[in-house]
Each structure stands twice: as structure tokens, then as C-alpha cells.
Amino acid sequence: MKNGSVRRGVQAANVSRLPGSAPDLGRVTRMPGYGRRGTRRRRNHSDAFLSQRQRQRSWQVLAWSIGIGVVSVVVLGGAFSLWLIPILKDGNNAPLLPQAVLDAQTRVVSKFKSPTQAEALDLVKKALALRDPLLVDGLIRTGPVSAPDVVGYLAAMSTVDGQIKNYEWLRSIDKNGLSLEGVLVTFSRGDKTRSRLAMLTPDADGVWKMDFAAFARSVEPSWEALLEQHAASAVVRVYAAIDNYFNGAFRDDRAWAAYKLVSPDTEQILIGYCKIGSAQQRAMDLLWQRGETTVARVTLEITRPQDAADSQHSQFEITRVLAEDWVMSAKPLDQGL
């Protein structure tokens, strides 16, 4: 190979520069990004920063998920413990809540067929129209009241309450372990109206009858004997609501639970008290267990405290909770609680 060929592949044969002049590098290709200060470094830094942020967020989400899971397990475990500990601690009181729920489920299942709306209304109309004592037992559950006394009450009803204006079927109102059907009877006297609740329940043979004591809201002794003559105790059918009035013998709210007691048959408002933790307080709590209303019908035995001051004549101790409603069964509600 000739030397000239080698020189042509590298550079021109005649290359020369003047003394002191800068060397000539020839044509140089511009590099990508050249002249834009810090462009490459900034992009690398941004990518690394974003990647770090994403990793941090992933860890944060994981930490929050673990935290929420732990809290949920602790809450569920605590709730289960609160339910289980009383059961393990006291075998007698353990079935209270589950049994109440079971009762509520079995009450609607009666071995006797419930009357239809037409049958219930017809039964109540016939019962309230009775004037023959011999026919009372076929339509009315009289309890301790004699048939002549029932007829006397029904005959005087228009004088006390007025004329019957309306009957309203209330369907099933099962309470206190009994199958009950309700009919609201509305009376009118002048410009005033009153109402009474006719409760129907089957007897041992499956014959549905109206409970007289519930309809008459029977009190033993009378409201006059209790409130004016200061009788020591009484069995009353009242509406009850939770209250917070503590005074006199019942001033300690840590020892007593308070309930407001009212009746359409007296304008005086009574306050009843149960000892906290007693069978009576547990029975009263059952009245609001289903959360249906803040006011409940209940049949109570109440006792006046000894040496009560004149200002405390409306305060009574609830010594028995006899029925969840105004129809009494063979077993008092607070028995066994």
C-alpha cells in the first residue's frame, strides 16, 4: 500500500498552521442536550424523587391498612368480651338478653289462629254492648272482677267516657309472653275525645276474649285511695318513660333508676324508682329493648316510702313489674330476672 492512500484516509497530506494559531479540531457533531445547563441532571433527580415519593405513599397506605385492621379486631374483640363475660360470670342472668330476643320471636307464633280485622272489631263491639251478666264470660276475660260488676262498668261507660265514635284495629301487639290483638276505641264527649285500648287474648281453649282489666285500666286500690288517702301501695296500669328526677329518699342517682309514670285517669304525674341492678330495673329495661318508643305501657306494684314528706307524695318505689303491658299473665315479668 502506498503512503498517499493512508494519508487520504486520515487527513489531507498538506496540513500546516501558522505559529501561535489555535489547533483546528475540524467539524464536531453537537451532543444531545449540549448548551442546556443541568437538563440531564434535573431529569435524573426528578425521576428519583418521584420514585421515592411513590414508595413512601405505598408504605403509608400499607401502614394505614394495617392500623385500621388492628383497630377493627380490637373493637370486635372488646364487644364480644362484653357480651361473653356476663354469661360466663353469672349463669342465672346470662340468658336474660338472648331469652328476651327469643321471646320476641316466639310471641308472634301462637298455637291459635288470630282473628281477622273484621272478627276483632266485631268481638269488641259485642263485648262493649253486653248488658247480660250471663253472657260476659263468653266474650270478656274478667279476671278478679265479677260479671255483674263488668256489666255495671259497661253500662256507665257512656257517662264517664262519652259515646263511642270509632274503632281502629291495631293488629298484633304481643307482649308479656301473650298473644294479643289490639283495637283502639275512641269516645267523644262534647268537644273532648278519649280512648281506651281493647286487648284480645285467647283462653286455654283458643277462644279470643277482651281483657277487662286492660280496657278499664284497673287500679287496686283506686287512684283516689292512693293519691288522696295516701294508701301505702297499689297495683297500677300506667304509661312509663325514663326520667332523671332524684329527690328525698331517692336522691342518690347511683342507687336508683327513675321513671315517669302517667295515666289518663289522673292528672298527677308520679315518679317510680327501681334499685339499680335489681330484677325490677332489669324488667323495666326490657320495655325499651326493641327501641320502638320512648313511652311504654306497664303494670306495676308501687309502694310509698315510709315517712315521706308532703312534697314527696308522688314518689314511689317500684316493688314489682307485673306485666310488660296492661294484660297480666300467670308469670310476673320480673320473676326470675
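Below, each value reflects all heavy atoms present in this structure, side chains not excepted, and no hydrogens, waters or symmetry copies. Fair warning: this is a prediction, and the values are worked out from it, not measured in the lab. Start at 1 with the first residue, then count along the sequence.
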Let me see the working for Arg196 and Asp161 under salt bridge (charged side-chain N to carboxylate O under 4.0 Å, His left out), right down to the final yes or no.
CA-CA 9 Å; Arg196 291 188 179 272; Asp161 295 323; 2.7 Å; yes
For a side chain to side chain contact (heavy atoms under 4.5 Å, CB included) check, start with the C-alpha distance between Val136 and Phe212, then their side-chain angles and the critical distance, and finish with the verdict.
CA-CA 10 Å; Val136 168; Phe212 176 76; over 6 Å; no
Working note: Arg297 + Tyr239, criterion side chain to side chain contact (heavy atoms under 4.5 Å, CB included); need CA distance, chi angles, decisive distance, verdict.
CA-CA 5 Å; Arg297 293 186 298 269; Tyr239 292 97; 3.5 Å; yes
Start with the C-alpha distance between Leu128 and Phe215, add both sets of side-chain angles, then the distance that settles side chain to side chain contact (heavy atoms under 4.5 Å, CB included), and finish with yes or no.
CA-CA 10 Å; Leu128 298 184; Phe215 182 80; 3.6 Å; yes
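Taking both residues in full, the closest heavy atoms of Ser263 and Trp223 are given as CB-CZ2, 3.6 Å, listed atom of the first, atom of the second, then distance. Between Pro202 and Ser179, the shortest heavy-atom distance links the atoms CD-O, 3.4 Å. Nearest approach of Ile271 to Ala258, heavy atoms of both residues: CG2-CB, 4.4 Å. For the residue pair Leu286 and Leu333, the shortest heavy atom distance occurs at CD1-CD1, 4.4 Å. Taking both residues in full, the closest heavy atoms of Pro115 and Ala120 are given as CB-N, 4.1 Å, listed atom of the first, atom of the second, then distance. The shortest non-hydrogen separation linking Gln268 to Ser314 is NE2-CB, 3.6 Å.
Annotation: side chain of Val183 is not in contact with side chain of Gln117 (no heavy-atom distance under 4.5 Å). No side-chain heavy atom of Lys209 sits less than 4.5 Å from a side-chain heavy atom of Leu200. Under the 4.5 Å side-chain criterion, counting only non-hydrogen atoms from C-beta, Ser114 is not in contact with Ser172. Proximity of Asp265 to Arg194: side-chain heavy atoms (C-beta onward) are separated by under 4.5 Å at one or more points. Asp334 places a side-chain heavy atom less than 4.5 Å from the side chain of Arg320. Side-chain atoms of Leu154 and Ile140, non-hydrogen and from C-beta on, do get closer than 4.5 Å to each other. Contact check for Val298 versus Glu324: no side-chain heavy atoms found under the 4.5 Å cut-off. Between Val219 and Val235, the closest side-chain pair of non-hydrogen atoms is not below 4.5 Å.
By the neighbour-count criterion of 12 heavy atoms within 6.0 Å, atom CD of Glu267 is sparsely surrounded, having that number or fewer from other residues, nucleotides or ligands. Few gaps surround CZ on Arg131; more than 12 heavy atoms of other groups in view lie less than 6.0 Å from it.
Hydrophobic clustering places Leu139 together with Trp169 (ILVMFWY residues linked when any side-chain heavy atoms are closer than 4.5 Å, directly or through intermediates). Residues Val238 and Val262 do not share a hydrophobic cluster, defined by chaining ILVMFWY side chains whose heavy atoms lie under 4.5 Å apart. Both Val321 and Leu261 belong to a common hydrophobic cluster when Ile, Leu, Val, Met, Phe, Trp and Tyr are linked at side-chain heavy-atom distances under 4.5 angstrom. In the hydrophobic clustering of this structure, Ile173 does not group with Val295; members are Ile, Leu, Val, Met, Phe, Trp, Tyr whose side-chain heavy atoms approach within less than 4.5 Å, directly or through other members. Hydrophobic clustering, with ILVMFWY side chains joined whenever heavy atoms are under 4.5 angstrom apart, keeps Leu287 apart from Ile276.
Thr299 places a side-chain N or O within 3.5 Å of a backbone atom of Asp325 that can act as its donor or acceptor partner. A donor-acceptor pair under 3.5 Å links the side-chain atoms of Arg304 to the main chain of His313, judged by distance alone. In this structure a side-chain-to-backbone donor-acceptor pair under 3.5 Å is missing from Glu228 to Glu224. Put simply, the side chain of Ser188 never gets that close to the backbone of Lys165: no donor and acceptor are under 3.5 Å apart. A donor-acceptor pair under 3.5 Å is absent between the side-chain atoms of Asp211 and the main chain of Val327, judged by distance alone. A donor-acceptor pair under 3.5 Å is absent between the side-chain atoms of Arg217 and the main chain of Trp326, judged by distance alone. Arg237 contributes a side-chain N or O that, together with a main-chain N or O of Ser218, makes up a donor-acceptor pair within less than 3.5 Å. Not one N or O on the side chain of Glu168 forms a donor-acceptor pair closer than 3.5 Å with the backbone of Val185. Judged by distance alone, with hydrogens and angles left aside, the side-chain atoms of Asp205 form no donor-acceptor pair with the main-chain N or O of Val207 at under 3.5 Å. Side-chain atoms of Trp208 come within 3.5 Å of backbone N or O of Lys113 as a donor-acceptor pair.
Annotation: side chain to side chain contact (heavy atoms under 4.5 Å, CB included) contacts of Glu220 (sequence neighbours excluded): none. Scanning for ring pair (Phe, Tyr, Trp, His ring centres under 6.0 Å) contacts around Tyr167 gives an empty result, with sequence neighbours left out.
The aromatic rings of Phe246 and Tyr273 sit tilted, their planes meeting at an angle between 30° and 60°. Using cut-offs of 30° and 60° on the angle between ring planes, the pair Trp288 and Tyr259 is parallel.
For the atom pair NZ of Lys260 and CG of Asn244, the computed distance is 8.5 Å after rounding to the nearest 0.5 Å. Between the OG1 atom in Thr142 and the CE atom in Met210 there is a gap of 10.5 Å [rounded to 0.5 Å]. Rounding to the nearest 0.5 Å places CG of Asp132 at 8.0 Å from CG of Leu130. Summarising the geometry, atom CD belonging to Gln315 is positioned 12.0 Å from atom CD1 belonging to Ile302; distances are rounded to the nearest 0.5 Å. To the nearest 0.5 Å, atom CG of residue Asn247 and atom CG of residue Asp252 are 12.5 Å apart. Within the model, atoms CG of Leu197 and CG of Leu184 stand 6.5 Å from one another, a figure rounded to the nearest 0.5 Å.
Side-chain contact, Thr319 with Glu301: a donor N or O sits under 3.5 Å from an acceptor N or O.
Aromatic ring centres of Phe250 and Tyr245: separated by at least 6.0 Å.
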